[in-house]
Protein chains: 2
Amino acid sequence: MTERKARADAARNREAVLAAADELFASGGGPRGVSMEQVAAAAGVGKGTLFRRFGDRNGLIRAVFSARSEAVRAAVESGPPPLGPGAAGRERVPAILDALLAFKLDNRHLSLALEEAGAGSPYEVEHYGWWHGVMRDALRDTAVPDAGFAAHALLAAVRADLVEHLASAEEMPGREMRERLAAYAAKVVG
Amino acid sequence: MTERKARADAARNREAVLAAADELFASGGGPRGVSMEQVAAAAGVGKGTLFRRFGDRNGLIRAVFSARSEAVRAAVESGPPPLGPGAAGRERVPAILDALLAFKLDNRHLSLALEEAGAGSPYEVEHYGWWHGVMRDALRDTAVPDAGFAAHALLAAVRADLVEHLASAEEMPGREMRERLAAYAAKVVG
DNA sequence: AACGATACGGACTGCTGGTCCGCTTTGTAA
DNA sequence: TTACAAAGCGGACCAGCAGTCCGTATCGTT
C-alpha cells in the first residue's frame with residue numbers, strides 16, 4: 001500500500017515500537033498512563049521516530065491493535081462456520097459477537113485504548129466499519145428488520161468500556177458474560 | 001446536602017460558570033476544544049474559582065449535564081405512563097429509550113462530553129447507574145431473560161457517540177433514528 | 001568510494017489541567 | 001458603623017503531554 005521501500009533500520013524500529021507499546025499498554029494501569037515518550041524510551045528510539053512512523057498517538061494504538069486482532073478478523077472473514085461465512089445468520093450472529101467479546105476480554109486494555117480514541121469516536125476507526133459490515137450481512141439472513149441498525153446496536157453491547165465495567169465493577173466472570181451475551185443475541189435474532 | 005450556607009457571590013459565580021460552560025460546550029466544535037481557562041474567562045471568573053467549585057473538568061461537565069437532564073429524569077421517575085411508572089414493561093422500555101435518545105439528540109455535544117468522561121468510563125458516572133436501574137426494572141416486566149444484561153445492551157444502543165455517528169457520518173435524521181430504535185426495542189421486548 | 005535519499009533523536013514549543021496562596025468580599029455581631 | 005474572622009477569589013505558577021523541527025547519522029545504490 002503506502003509501503004514502497006522500507007529501509008532496514010526503519011523496519012526494525014517499527015517492530016521495536018510495536019512490541020514495546022504492546023507490552024507497556026498491557027502492563028500496569030492500561031494505556032491511559034502511558035505517554036508517547038515512555039513508549040519511545042522503552043523501544044529505544046527517539047520521539048521523533050515514533051511520531052513519524054505512526055502519525056500520532058491514535059495511529060500507534062491503531063497499529064498495535066491491528067496486529068493483535070488480525071487473527072479474529074481472519075477467523076471471521078474466512079474461517080470455518082459458524083464464525084466464518086457459510087453459517088445461517090441465526091447462528092453466525094451470536095458466534096461473531098462471542099468471538100468479539102472473547103477478544104475484548106483478552107485484550108481489555110488495548111481495546112479500551114482504541115475506543116477511547118482520544119481524538120475521534122470509535123466509529124470513525126476503519127475496523128469498526130468492517131465489523132459493522134460483517135454483522136449487518138449476517139443479520140440480513142435473519143428475521144431482524146433493519147439489519148444496519150441492529151448491527152450497530154448489537155456491536156454496542158460489546159463496547160470495551162461496558163465489558164470493562166461488567167468485568168470490574170460488577171465482577172462478572174468472562175464465561176458468564178459470554179453466556180449472557182449469547183442469550184441476548186439469541187433473543188434478538190430469534 | 002453538601003450545601004450548608006452559600007455566600008451570595010459564590011452562588012452567583014456558580015450560575016455564571018454553568019451558563020458559560022453550557023453555551024461554550026454547545027457552540028462550535030463540541031466540548032472537546034473547550035479548555036477550562038476558556039470557560040473561566042467566559043464566565044468572568046478566575047480559574048481557581050472554577051476548580052474549587054467543580055473539582056475538575058469532569059465535575060463541571062457533570063454539573064452542566066445534571067442541570068440539563070433534570071427534566072427527562074423527572075419525566076421517567078414520576079411522569080405519566082408510558083414514560084413514567086405504571087405502564088407495562090413492553091411499552092415502557094421503548095418509551096424510556098426513545099426519551100433518552102431524544103434527549104441525546106437535543107444535547108449531542110453535552111452528552112458526548114459526559115461519555116467521553118476523560119477520566120473514567122461513562123459507567124462510573126452515577127447517572128448511568130440510575131438509568132440502568134430504571135431500565136432493568138422495566139425489563140423485568142417483560143419476557144426478556146436477564147433484565148440486567150439486557151438493560152446494559154439496550155442503553156448501549158443509545159450511546160452518545162453512536163448517536164453522533166448515525167447523525168453525522170450516516171446522515172440519519174433524528175426522526176428516523178427514533179423509529180429504528182423503537183423497532184429494535186420492540187423486537188427485543190416482544 | 002562517494003553521494004543523494006531516507007531516517008534518526010531529542011531539544012523545543014505550545015497548551016492543558018490542576019495547585020497555591022496573598023488579597024478581597026461577605027456577613028455577622030457588637 | 002465598625003470590626004473581624006470566615007469564605008471566597010483570581011491568576012501566576014507548575015508539571016506533564018502531544019506533536020514539531022532540523023542538524024546529524026545511516027543506508028543502499030551507482
Side-chain angles (χ1 to χ4, degrees), chain A residues 1-21 24-25 28-65 113-114 116-120 124-125, chain B residues 1-21 24-25 28-65 113-114 116-120 124-125:
Chain A
M1 287 288 165
T2 322
E3 317 200 4
R4 305 239 86 175
K5 310 169 185 179
R7 232 172 71 170
D9 51 350
R12 205 183 324 126
N13 278 336
R14 184 190 167 82
E15 291 313 309
V17 168
L18 284 177
L24 275 182
F25 286 164
R32 253 244 148 87
V34 178
S35 74
M36 294 300 269
E37 200 142 1
Q38 283 177 293
V39 175
V45 305
K47 239 168 88 158
T49 303
L50 198 154
F51 277 96
R52 194 170 345 89
R53 286 263 139 259
F54 300 96
D56 58 10
R57 191 169 213 284
N58 289 329
L60 172 60
I61 293 174
R62 250 179 279 131
V64 177
F65 187 89
L114 184 73
E116 276 165 7
E124 286 165 17
V125 180
Chain B
M1 290 289 167
T2 321
E3 318 202 1
R4 303 241 85 175
K5 310 168 185 178
R7 236 173 68 170
D9 52 349
R12 205 183 324 125
N13 277 337
R14 184 190 166 82
E15 291 312 308
V17 168
L18 284 178
L24 274 182
F25 286 163
R32 220 172 208 134
V34 179
S35 73
M36 295 300 268
E37 200 142 1
Q38 281 177 294
V39 175
V45 306
K47 235 167 93 159
T49 303
L50 199 153
F51 277 96
R52 194 172 344 90
R53 286 263 137 259
F54 300 97
D56 59 9
R57 192 169 213 282
N58 289 329
L60 172 60
I61 293 174
R62 251 179 277 131
V64 178
F65 187 89
L114 185 73
E116 276 166 7
E124 286 165 17
V125 180

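Residue numbers begin at 1 in each chain, while the letters A, B, ... track the order of the sequences.
Heavy-atom minimum distance, A42(A) versus L24(A): CB-CD1, 3.9 Å. When all heavy atoms are compared, the tightest approach of G33(A) to Q38(A) is O-OE1, 3.2 Å.
Within the model, atoms OG1 of T49(A) and CZ of R52(A) stand 5.0 Å from one another, a figure rounded to the nearest 0.5 Å. With rounding to the nearest 0.5 Å, the separation of CE in M36(B) from NZ in K47(B) is 8.5 Å.
Applying the side chain to side chain contact (heavy atoms under 4.5 Å, CB included) test to F54(A) and every residue at least two apart in sequence or in another chain returns R14(A), V17(A), L18(A), L60(A), A63(A).
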Classify every nucleotide of nucleotides 15-24 of chain C by which part a protein heavy atom approaches to under 4.0 Å, writing B for the base, S for the sugar-phosphate alone and - for neither, in 5'-to-3' order.
-SBBBB----

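One atom, CZ of R53(A), and another, C1' of dT20(D), lie 17 Å apart when rounded to the nearest Å. Atom CG of N13(B) is separated from atom C1' of dC9(D) by 8 Å (rounded to the nearest Å). Distance CG (L50(A)) to C1' (dC21(D)): 16 Å, rounded to an integer number of Å. Note: CG (D9(B)) to P (dC9(D)) measures 5 Å, nearest angstrom. The distance from atom CZ of R12(A) to atom C1' of dC27(D) is 10 Å, rounded to the nearest whole Å. Between F54(A) atom CZ and dG19(D) atom P the separation is 14 Å, expressed in whole Å.
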